[in-house]
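For reference, the structure discussed in these notes is given below.
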Amino acid sequence: MNNSIIQKVNNHISEMYKFNDPSAKQLMIEVKDSNIPLSVKVELIQKLRHASDKISGKWTNASQLMGRKKY
């Protein structure tokens with residue numbers, strides 16, 4: 001398996017948090033075009049998207065989505 005792309009994604013995520021920059025589109029395209037198995041591609045894209053959503057403030061906890069309204 002191509003460990004360099006995995007390492008690149010992990011380094012990019014740490015830089016995203018360090019510089020508070022939610023942009024991950026270019027690396028997502030690079031992951032898509034790589035020759036790693038599909039399951040690994042999906043996992044890496046999900047990690048990038050989750051980090052991007054957390055930094056940009058779009059991420060919502062699942063318990064908040066599943067909770068019912070309290071009247």
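FYI, side chains are in, hydrogens and waters are out, and symmetry mates aren't considered; it's all heavy atoms of this structure.
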Mind checking the CG-CD spacing from L48 to E43? Nearest 0.5 Å is all I need.
-> 11.0 Å
Is there a donor-acceptor contact under 3.5 Å from the side chain of K41 to the main chain of S34?
-> yes
Determine whether L44 and L27 make a side-chain contact, defined as any pair of heavy atoms from C-beta on separated by less than 4.5 Å.
-> no
Hey, what do you get for NE2 (H12) to CD (E30), rounding to the nearest 0.5 Å?
-> 10.0 Å
Rounded to the nearest 0.5 Å, what's the gap from CG on N11 to CD1 on I6? Could you check?
-> 12.0 Å
Measure the shortest side-chain to side-chain distance between K32 and I45 over non-hydrogen atoms and say whether it is less than 4.5 angstrom.
-> no
Side chains of D21 and E15 in contact at under 4.5 Å (non-hydrogen atoms) = no
Ignoring hydrogens and angles, tell me if any N or O in the side chain of S52 forms a donor-acceptor pair with the backbone of P22 under 3.5 Å.
-> yes
Whether over 12 other heavy atoms sit under 6.0 Å from K8 NZ = no
